[in-house]
*Asks:* 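The structure that follows is given in the form of structure tokens.
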Amino acid sequence: MPELPEVETIRQGLEPLIKEKAIALVDVSWPRIINTELDLSDWQNALVGQTIHSLLRRGKYLIFQLSNCYLISHLRMEGKYFFYPASEVPLVKEKHTHVRFIFKDHSELHYHDVRKFGRMELIGLEDLTSYFQLKKLGPEPTTESFKINNFAEKLSRIKKSIKPALLDQYLVTGLGNIYVDEVLFQAKIHPLTSSQQLTSSQIKRLHHAIIDVLSRASEAGGSSIRTYRNAYGKEGTFQQHHQVYGKENQPCPICGTSIEKISVGQRGTHFCPNCQIFEEK
DNA sequence: AATCGTACCTGGCTGC
DNA sequence: TGCAGCCAGGTACGAT
């Protein structure tokens, strides 16, 4: 479900709720969520007694920094975390809660995932950098990490069109189906433009739009469409600023042309056929 | 080696 | 109303 702005909003909301909590018990009711070579019971027991020291993020991955290891959690399409103080723990577990972390103070953190696509795994404290290298995760979408020269060089070697290229997390991390459409609209680039054919002016606009859209969306607490809510059950507000995503057959906010929805690599893709054009290189 | 299609799941909505 | 078919903030993996 979430892209970088939603994951960052979850991180910020959740960290103060679970910081320095000691894990007393872990219960997994859908084993496929857990990536491990161990028996499930050994995996659960490995967490018992550890304390959560911080909650970090890299791309769309949440990283629980524990006493002896990291717990890496990816929410994929529908994953959510719900924190319950000791007095508010539900008597009956919700249908789609698949992992429960029970703390020594009797508060609980529940992982909820309707589609069961999310995954979590444990890695050693020394292995964080190599873990993300192995995943071929690109830079964070910030001016400090995301360099236009490196971006342009990688683009010149990619044969697919720009939308699927940006959905890969290799060029830059954090974009998903909503924000790719919003970014391409802001940069005035057609989603089917060949990555190799982008002009230097388009690359410059694209680079700027990626940083701009993702940072503004993070500030707004992410986008709430369908089911996303932050750690307190509140909605983000960035959906109010969507220009094209979910706006098919509505007028383009710039030129009034009807927004089109097409399929690109099996993903719904929204764009303005007048503003987002192919440029000659 | 890169790129594409498909698998993983459930539920909500649309249209017959 | 019932139900088939399509769609949904993502990634991994096997086949070309």
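Here the structure is a predicted model, which is why all the values come from computation and not from measurement. Throughout, protein chains are lettered first and strands after them, A, B, ... in sequence-line order, and every chain is numbered starting at 1.
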*Asks:* Does this structure show an ion pair linking D113(A) with K80(A), if we count only N-O contacts that are shorter than 4.0 Å?
*Replies:* no
*Asks:* Looking only at the side chain of V114(A) (C-beta and beyond, no hydrogens), which of the listed nucleotides dT11(C), dT3(B), dT10(B) gets closest?
*Replies:* dT10(B)
*Asks:* Give a yes/no answer on whether the side chain of Q169(A) brings an N or O atom under 4.0 Å of OP1 or OP2 in dT11(C).
*Replies:* yes
*Asks:* How close or far is atom P of dG10(C) from atom NZ of K136(A), stated in whole angstroms?
*Replies:* 21 Å
*Asks:* Kindly confirm or rule out a cation-pi arrangement of K154(A) over Y170(A), judged by NZ or CZ under 6.0 Å from the six-membered ring centre and within 45° of its axis?
*Replies:* yes
*Asks:* In whole Å, what is the span from the CG atom of D168(A) to the P atom of dG10(C)?
*Replies:* 12 Å
*Asks:* Compile the donor-acceptor pairs under 3.5 Å between side chains in residues 33-45 of chain A and protein atoms, sequence neighbours left out, one pair per line.
*Replies:*
| from | atom 1 | to | atom 2 | distance (Å) |
| --- | --- | --- | --- | --- |
| T36(A) | OG1 | L38(A) | N | 2.9 |
| Q44(A) | OE1 | V28(A) | N | 3.0 |
| N45(A) | ND2 | S41(A) | O | 3.1 |

*Asks:* Return no unless some side-chain N or O of R119(A) is found under 4.0 Å from OP1 or OP2 of dC8(B).
*Replies:* no
*Asks:* Name the closest nucleotide to the R115(A) side chain, picking from dC9(B), dT3(B), dT11(C).
*Replies:* dC9(B)
*Asks:* Select base, sugar-phosphate, or nothing to describe what G268(A) touches, counting heavy atoms under 4.0 Å on all strands.
*Replies:* sugar-phosphate
*Asks:* Would you classify R32(A) as touching base, sugar-phosphate or nothing, given that sugar-phosphate means primed atoms plus P, OP1 and OP2, and contacts are heavy atoms under 4.0 Å?
*Replies:* sugar-phosphate
*Asks:* Which nucleotide, in any strand shown, forms a Watson-Crick or G-U wobble pair with dA12(C), with both distances under 3.5 Å?
*Replies:* dT6(B)
*Asks:* Could you check whether Y170(A) gets within reach of a base, just the sugar-phosphate, or nothing at all, counting any heavy atom under 4.0 Å?
*Replies:* nothing
*Asks:* In terms of side-chain geometry, is the basic nitrogen of E8(A) or R11(A) positioned less than 4.0 Å from the acidic oxygen of its partner?
*Replies:* yes
*Asks:* Strictly below 4.0 Å: does H96(A) bring a side-chain N or O up to OP1 or OP2 of dC9(B)?
*Replies:* no
*Asks:* Indicate whether OP1 or OP2 belonging to dG5(B) is found under 4.0 Å from a side-chain N or O atom of K160(A).
*Replies:* no
*Asks:* Phosphate oxygens OP1/OP2 of dA12(C): is one of them under 4.0 Å from a side-chain N or O of K135(A)?
*Replies:* yes
*Asks:* Looking at dC9(B) and F117(A): do their rings stack (centroid distance under 5.5 Å, interplanar angle under 30°)?
*Replies:* no
*Asks:* Calculate the interatomic distance between Y179(A) atom OH and dG10(C) atom C1'; express it in whole Å.
*Replies:* 15 Å
